[in-house]
Engineer: 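Can you keep this structure in mind? I'll have questions shortly.
The first residue of the sequence shown is numbered 1, and numbering continues consecutively from there. In this text, all values refer to a predicted model and were calculated from it rather than measured experimentally. One-based numbering, in listed order, for ligands and for the atoms of each.
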Amino acid sequence: PAEDLARFDVMLRSAGRIVAFTGAGLSTEAGIPDFRSPGGRWSRMKPILFQDFLDSDEARRETWRRRFDMDGEMRRARPTRGHRAIASWIKAGKSPAVITQNIDNLHQASGIPDDAVIEVHGNTTYAACLDCARRYEIEDLRGSFAATGEAPRCDGCGGFVKTATISFGQPMPEIAMQRATQLAKTSDLFVVVGSSLVVYPAADLPRLARKQGANVVIINREPTPGDRYAHLLLRGEIGDILGNFVLESGAKP
Ligand code: NAD
């Protein structure tokens, strides 16, 4: 409703420190399916657990088959209206950084500097050795996977090479989680965008922000477990909603 959009407008303009916390729903408009919507990824396949990746050749091959299967949609994807609005808050100096559960690199593609994108679930647009952390480009792994069907191993140490994402059962990235926690605690407006808020520990962040005194706004097309403690719920399509909230650069409070 119009009065909710007006309330959000007032919150955005009066906030000194906005932090957006984004999930897969932000990128569906870019053609990347989310996990839990009908037709989302989990309706088609089960997640591969981190331990299975470590234990089984077949799990590693299947992980890489899936990664190359979605490569087309990943490379075609461009930042959405929602990505552009969030980038404008950062550019305007109203928001120090964005916290994202997404792994698609679209916040960086929208012009936000790398150090202002806090990725709590990693990034699938490159890969790394699990043992020595040597970085690999997806492009460079494609050829040998197509030729041999074998999951890549590290040229340096022989370790398993995996996309730089966090699988279920894999330890969370420590520095990113520390930065995300600090941002949640010190924000005065915390905006959840396109997350079902069921994956922990990331889903604790809005609750923490609320506890420390931030206004919490949830933008999503369906209800989430965070709705009961949010100050404002904007129910609808993210692009339609956030398309109205592009801030002009230099528009400091
Ligand atoms: P999720 O799939 O659990 O939830 C997405 C939420 O967004 C749902 O509640 C859905 O109703 C809503 N939604 C989808 N499209 C929308 C739209 N256009 N407008 C409004 N609402 C919309 O996603 P999650 O909470 O981010 O958790 C899933 C995990 O999957 C994340 O941790 C992330 O790492 C990973 N993931 C990432 C991507 C990506 O990088 N784009 C895609 C799929 C999954």
Side-chain angles (χ1 to χ4, degrees), residues 4-5 8 20-50 63 66-67 69-86 98-110 112 117-127 138 162-173 176-177 180 190-207 217-227 230 232-245:
D4 287 343
L5 294 179
F8 186 53
F21 173 57
T22 65
L26 176 61
S27 295
T28 54
E29 191 174 289
I32 302 172
D34 66 8
F35 278 0
R36 292 173 184 79
S37 287
R41 220 168 143 79
W42 292 160
S43 63
R44 290 178 281 133
M45 54 185 81
K46 276 198 330 185
I48 297 168
L49 308 183
F50 186 55
T63 300
R66 290 180 182 188
R67 176 60 187 83
D69 278 352
M70 68 175 193
D71 207 33
E73 73 195 25
M74 228 13 115
R75 283 187 302 161
R76 276 191 301 274
R78 295 291 174 268
T80 65
R81 294 175 288 174
H83 287 97
R84 292 199 293 272
I86 293 167
V98 57
I99 307 170
T100 188
Q101 302 172 84
N102 293 343
I103 55 178
D104 54 26
N105 212 54
L106 289 181
H107 284 299
Q108 290 91 334
S110 76
I112 300 177
V117 182
I118 319 290
E119 295 174 319
V120 294
H121 293 160
N123 189 311
T124 193
T125 63
Y126 61 96
I138 303 294
K162 180 177 174 292
T163 57
T165 49
I166 308 298
S167 300
F168 288 106
Q170 187 170 0
M172 293 290 279
M177 275 311 285
F190 195 86
V191 187
V192 182
V193 183
S195 175
S196 60
L197 291 181
V198 299
V199 180
Y200 283 84
D204 276 330
L205 292 168
R207 191 201 309 275
V217 178
I218 297 181
I219 306 176
N220 212 61
R221 62 158 81 113
E222 8 162 85
T224 78
D227 292 6
L232 178 64
L233 303 175
L234 298 175
R235 193 64 58 72
E237 289 301 300
I238 291 159
D240 294 345
I241 295 170
L242 282 183
N244 300 306
F245 297 103

Engineer: With heavy-atom distances below 4.0 Å as the criterion, list the atoms of ligand 1 near Gly194.
Structural biologist: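 Listed by number with element: 5 (C), 6 (C), 7 (O).
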Engineer: State which residue, out of Ile219, Leu106, Thr80, fulfils the side-chain contact (heavy atoms from CB on, under 4.5 Å) condition with Leu26.
Structural biologist: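 Going through the options one by one, the only one that passes is Thr80.
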Engineer: Using a 4.0 Å heavy-atom cut-off, which part of Glu237 comes near ligand 1: side chain, backbone, both, or neither?
Structural biologist: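 Under 4.0 Å from ligand 1, Glu237 contributes backbone and side-chain atoms.
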Engineer: Which ligand 1 atoms, with their elements, are less than 4.0 angstrom from a heavy-atom of Gly236?
Structural biologist: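 Going through ligand 1 atom by atom, the ones under 4.0 Å from Gly236 are 19 (N), 20 (C).
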Engineer: Run through Leu232, Val193, Leu197 and flag the one making a side-chain contact (heavy atoms from CB on, under 4.5 Å) with Ile218.
Structural biologist: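 Single pass found, and it is Leu197.
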Engineer: Hey, which atoms in ligand 1 end up nearer than 4.0 Å to a heavy atom of Ile32?
Structural biologist: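 Checking each atom against Ile32, I get 41 (N).
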Engineer: Could you tell me whether Arg221 and Asp240 make a salt bridge, using a distance below 4.0 angstrom between a side-chain N and a carboxylate O?
Structural biologist: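 Looking at Asp240 together with Arg221, the answer is no, because their closest N to O distance does not fall below 4.0 Å.
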Engineer: If you measure from each non-hydrogen atom of Pro33 to ligand 1, which part falls under 4.0 Å: side chain, backbone, both or neither?
Structural biologist: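 The part of Pro33 near ligand 1 is the backbone, not the side chain.
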Engineer: Among His121, Arg235, Gln101, Arg221, which one has a heavy atom closest to atom 16 (C) of ligand 1?
Structural biologist: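 Checking each option, the heavy atom nearest atom 16 (C) of ligand 1 is found in Arg221.
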Engineer: Do ligand 1 and Phe35 have nitrogen or oxygen atoms that lie under 3.5 Å from each other?
Structural biologist: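 Yes; the residue has a nitrogen or oxygen that sits under 3.5 Å from a nitrogen or oxygen of the ligand.
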Engineer: Closest heavy-atom contact between Val120 and Ala180?
Structural biologist: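 That would be CG1-CB, 4.0 Å.
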Engineer: For atom 9 (O) of ligand 1, state which one of Val193, Leu26, Asn220 supplies the nearest heavy atom.
Structural biologist: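 Looking at heavy atoms only, the winner is Asn220.
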Engineer: Could you walk me through whether Asp104 and Ser27 pass the side chain to side chain donor-acceptor pair (under 3.5 Å) test, one step at a time?
Structural biologist: CA-CA 8 Å; Asp104 54 26; Ser27 295; 2.6 Å; yes
Engineer: Atoms of ligand 1 less than 4.0 Å from Ser195 heavy atoms?
Structural biologist: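 What qualifies from ligand 1 is 6 (C), 25 (O).
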Engineer: If you define the side chain from C-beta out and look only at heavy atoms, does anything of Ile138 sit under 4.5 Å from Thr163?
Structural biologist: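 Ile138 vs Thr163: side chains touch.
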Engineer: Please could you name the atoms of ligand 1 that Gly23 approaches to less than 4.0 Å, counting only its heavy atoms?
Structural biologist: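 In order of numbering, the contacting atoms are 26 (O).
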Engineer: Examine distances only and state if a side-chain atom of Asp4 and a backbone atom of Leu234 form a donor-acceptor pair shorter than 3.5 Å.
Structural biologist: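 The answer is no, because no donor-acceptor pair under 3.5 Å joins these two groups.
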Engineer: Which atom pair, heavy atoms only, marks the closest approach of Ile48 to Ser167?
Structural biologist: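 Looking at all heavy atoms of both residues, the closest pair is O-CB, 4.1 Å.
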Engineer: Yes or no: does Glu222 have any heavy atom under 4.0 Å from an atom of ligand 1?
Structural biologist: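 Heavy atoms of Glu222 do come under 4.0 Å of ligand 1.
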Engineer: Which ligand 1 atoms are under 4.0 Å away from a heavy-atom of Ile238?
Structural biologist: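 Under 4.0 Å from Ile238, ligand 1 has these atoms: 17 (C), 19 (N), 20 (C), 21 (N).
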Engineer: What's the verdict on ring-ring contact (aromatic ring centres under 6.0 Å, His included) for Phe168 and Phe50, showing C-alpha distance, side-chain angles and the deciding distance?
Structural biologist: CA-CA 6 Å; Phe168 288 106; Phe50 186 55; over 10 Å; no
Engineer: For Ser27, take its heavy atoms, then give the atoms of ligand 1 lying under 4.0 Å from any of them.
Structural biologist: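 Result: 41 (N).
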Engineer: With heavy atoms only and a cut-off of under 4.0 Å, state how Asp104 meets ligand 1: side chain, backbone, both or neither.
Structural biologist: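 Near ligand 1, Asp104 shows its backbone as well as its side chain.
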Engineer: Give yes or no for whether the N/O distance cutoff of 3.5 Å, strictly under, is met between Ala24 and ligand 1.
Structural biologist: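 Yes; the residue has a nitrogen or oxygen that sits under 3.5 Å from a nitrogen or oxygen of the ligand.
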Engineer: State the atoms of ligand 1, each with its element, that fall below the 4.0 Å cut-off from a heavy-atom position in Ile103.
Structural biologist: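 With Ile103 as reference, the close atoms of ligand 1 come out as 39 (C), 40 (O).
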Engineer: Apply the side-chain contact (heavy atoms from CB on, under 4.5 Å) test between Gln108 and each candidate in Val117, Val98, Thr125, Thr100; give the one that qualifies.
Structural biologist: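 By the side-chain contact (heavy atoms from CB on, under 4.5 Å) criterion, Gln108 pairs with just one of Val117, Val98, Thr125, Thr100: Val117.
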Engineer: State, to 0.1 Å, how close Val199 and His121 come at their nearest heavy-atom pair, and which atoms those are.
Structural biologist: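 Nearest pair, atom of Val199 first, then His121: CG1-CE1, 3.9 Å.
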Engineer: If you take the nearest heavy atom of each of Ala202, Ser196, Pro47, which one is closest to atom 3 (O) of ligand 1?
Structural biologist: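 Heavy atom nearest to atom 3 (O) of ligand 1 belongs to Ser196.
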